[in-house]
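A short write-up of the structure that comes next.
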Amino acid sequence: TPTNGGSTPAYQWQVNGSNTGTNSPTFTLSNPINLQTITCIMTSSLAGVSGSPATSNTITLTVNNPPAVSVSASATSLCAGNSSILTASGGSTYVWMPGSSNVNPLTVTPAATSVYTVTGTSANGCSATASISINVNAIPVVGATASSSTICNGSSATLTGNGASTYTWMPGSISGNPVTVSPGTTTTYTVTGLTSQGCSATTTKTIIVNNCGSVLNLKLYLQGYYLSGGLMQDALWNEGVSGALTNVTDTITVELHQSTSPFALVASQKVLLYTNGTASCLFTQSGSYYVAIKHRNTVWTWSALPLLL
């Protein structure tokens with residue numbers, strides 16, 4: 001506040017002893033530098049005032065540098081629902097936006113791609129900001145279809161996934177798409193679909209397996225084992241075969257062959273031949289086939305005509 005300055009005193013500002021600024025009681029210094037000195041010389045507008053012009057006290061500036069604030073993230077690309085840890089450095093305290101949180105490090109779970117800005121303040125009160133973008137990738141909607149959801153035992157089904165880039169099927173850790181499976185029993189397959197961004201989801205598909213083949217009931221007697229009254233010897237029991245039953249004569253091999261030349265083998269089963277001459281086997285094939293019966297690779301008998309299964 002000027003004393004005896006009159007109604008219109010004149011002001012001359014100086015920075016480091018050099019004149020600057022305008023004739024004004026206030027002065028704004030742009031881009032101040034540490035340890036610069038500021039003084040003001042005032043000339044009174046009154047006549048005959050002693051001590052005019054008068055020089056003010058000197059102000060020495062202390063200019064602190066802003067902090068070098070930086071921010072890092074544990075992951076800059078996420079799958080929806082996952083989190084990233086943001087860590088700021090270079091300041092003493094921090095405020096994050098959006099959210100106005102002052103926690104550091106900060107765990108975020110953005111629903112969509114977001115930019116986070118942190119303001120770091122140093123101990124001397126200076127501040128600076130830094131930003132980081134967290135990209136959020138969508139979780140795929142994975143589906144699965146089957147060429148047939150119900151199959152016969154011994155048959156196959158083709159499973160096809162959709163909605164992702166690559167697929168892994170369980171059980172079996174089968175990679176690929178589509179895949180062919182031949183479950184022995186009703187099985188639920190789980191497929192994990194993975195996108196090119198690394199996001200995954202799962203779905204399931206159940207394949208029902210039915211024993212839908214044809215039961216072939218046979219009646220035959222083996223020469224050399226036949227006793228009388230429609231019964232044969234219990235040969236396996238007499239030979240001391242472990243686990244043999246007294247109502248079982250032996251084992252036979254039942255084969256199905258194509259009904260046309262070259263009569264190729266289609267299926268084969270080894271079954272028990274009981275002492276009463278009966279044997280049964282289940283074939284998943286359908287159609288017309290010759291039936292061939294082998295006993296210990298020495299007797300081989302074919303049906304006279306193809307049988308329709």
Side-chain angles (χ1 to χ4, degrees), residues 13-16 18 20-22 24 26-39 58-144 161-170 173-177 190-204:
W13 294 91
Q14 292 185 338
V15 176
N16 291 339
S18 298
T20 188
T22 61
S24 171
T26 61
F27 171 61
T28 300
L29 177 62
S30 300
N31 301 317
I33 300 173
N34 191 40
L35 300 181
Q36 279 182 318
T37 59
I38 308 296
T39 55
T58 298
I59 297 175
T60 301
L61 300 180
T62 300
V63 178
N64 297 306
N65 292 321
V69 176
S70 63
V71 61
S72 62
S74 60
T76 56
S77 184
L78 304 175
C79 298
N82 291 344
S83 299
S84 181
I85 300 174
L86 307 181
T87 303
S89 60
S92 297
T93 61
Y94 304 92
V95 177
W96 298 88
M97 295 297 291
S100 299
S101 174
N102 58 5
V103 174
N104 189 58
L106 176 69
T107 300
V108 295
T109 309
T113 296
S114 301
V115 175
Y116 291 89
T117 299
V118 62
T119 299
T121 302
S122 63
N124 55 32
C126 297
S127 63
T129 63
S131 298
I132 194 166
S133 179
I134 303 299
N135 185 56
V136 178
N137 299 301
I139 299 296
V141 180
V142 175
N162 58 76
S165 299
T166 61
Y167 303 85
T168 302
W169 302 83
M170 296 294 290
S173 296
I174 307 168
S175 296
N177 193 57
T190 299
V191 59
T192 300
L194 184 69
T195 65
S196 57
Q197 293 83 21
C199 300
S200 64
T202 64
T203 192
T204 60

>> For Thr62 and Asn124: C-alpha separation, side-chain torsions, deciding distance, then whether side chain to side chain contact (heavy atoms under 4.5 Å, CB included) applies.
In response: CA-CA 11 Å; Thr62 300; Asn124 55 32; over 6 Å; no
>> One pair to check against side chain to side chain contact (heavy atoms under 4.5 Å, CB included): Tyr116 and Val108. What are the steps and the verdict?
In response: CA-CA 9 Å; Tyr116 291 89; Val108 295; 3.7 Å; yes
>> Test side chain to side chain donor-acceptor pair (under 3.5 Å) on Thr121 and Ser127; report intermediate values, then the result.
In response: CA-CA 4 Å; Thr121 302; Ser127 63; 4.7 Å; no
>> Between Val103 and Trp96, does the side chain to side chain contact (heavy atoms under 4.5 Å, CB included) criterion hold? Intermediate values first, please.
In response: CA-CA 8 Å; Val103 174; Trp96 298 88; 5.7 Å; no
>> Run Thr113 and Ser133 through side chain to side chain contact (heavy atoms under 4.5 Å, CB included) and show every step you take.
In response: CA-CA 7 Å; Thr113 296; Ser133 179; 4.1 Å; yes
>> Could you go through Thr58 and Thr39, starting from their C-alpha distance and side-chain angles, then the distance that decides it, and tell me whether this counts as side chain to side chain donor-acceptor pair (under 3.5 Å)?
In response: CA-CA 5 Å; Thr58 298; Thr39 55; 5.3 Å; no
>> Run the side chain to side chain donor-acceptor pair (under 3.5 Å) test on Asn102 and Thr93 for me, step by step, so that the C-alpha distance in whole Å, both residues' side-chain angles and the decisive distance to 0.1 Å come before the verdict.
In response: CA-CA 7 Å; Asn102 58 5; Thr93 61; over 6 Å; no
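A heavy-atom distance below 4.5 Å is not found between the side chains of Val118 and Leu86. Using a 4.5 Å cut-off on side-chain heavy atoms (C-beta onward), Val191 and Thr203 make contact. Under the 4.5 Å side-chain criterion, counting only non-hydrogen atoms from C-beta, Leu29 is not in contact with Trp13. Ser122 is not listed as a side-chain neighbour of Pro66, based on a closest heavy-atom distance of 4.5 Å or more. Using a 4.5 Å cut-off on side-chain heavy atoms (C-beta onward), Val69 and Thr129 make no contact. Taking 4.5 Å as the limit, some side-chain heavy atom of Ile38 sits within range of a side-chain heavy atom of Val15.
Nearest heavy-atom pair, Gly21 versus Phe27, reported as atom, atom and distance to 0.1 Å: CA-CE1, 3.9 Å. For the pair Ser92 and Ala123, the tightest heavy-atom approach, listed with the atom from each and the gap, is OG-N, 3.4 Å. Shortest non-hydrogen contact noted between Val142 and Tyr167 is CG1-CE2, 4.5 Å. The two residues Pro32 and Gln36 come nearest to each other via the heavy atoms CA-OE1, 3.4 Å. Among all heavy-atom pairs drawn from Ile134 and Ala75, the shortest one is CD1-O, 3.5 Å. In terms of heavy atoms, Ser83 sits closest to Thr107 at CB-CG2, 3.9 Å.
With rounding to the nearest 0.5 Å, the separation of CG in Asn137 from CG in Leu78 is 8.0 Å. Atom CG in Asn135 sits 11.5 Å away from atom OG in Ser84 (nearest 0.5 Å). We find the CH2-OG1 distance between Trp169 and Thr190 to be 9.5 Å, quoted to the nearest 0.5 Å. Atom CD of Gln197 and atom CD1 of Ile139 lie 10.0 Å apart (nearest 0.5 Å). Expressed to the nearest 0.5 Å, how far OG1 of Thr168 lies from CG of Asn177 amounts to 10.0 Å. Taken from CG in Asn64 to CG in Asn34, the straight-line distance is 7.0 Å, to the nearest 0.5 Å.
For the residue pair Thr87 and Ser72, no side-chain donor N or O sits within less than 3.5 Å of a side-chain acceptor on the partner.
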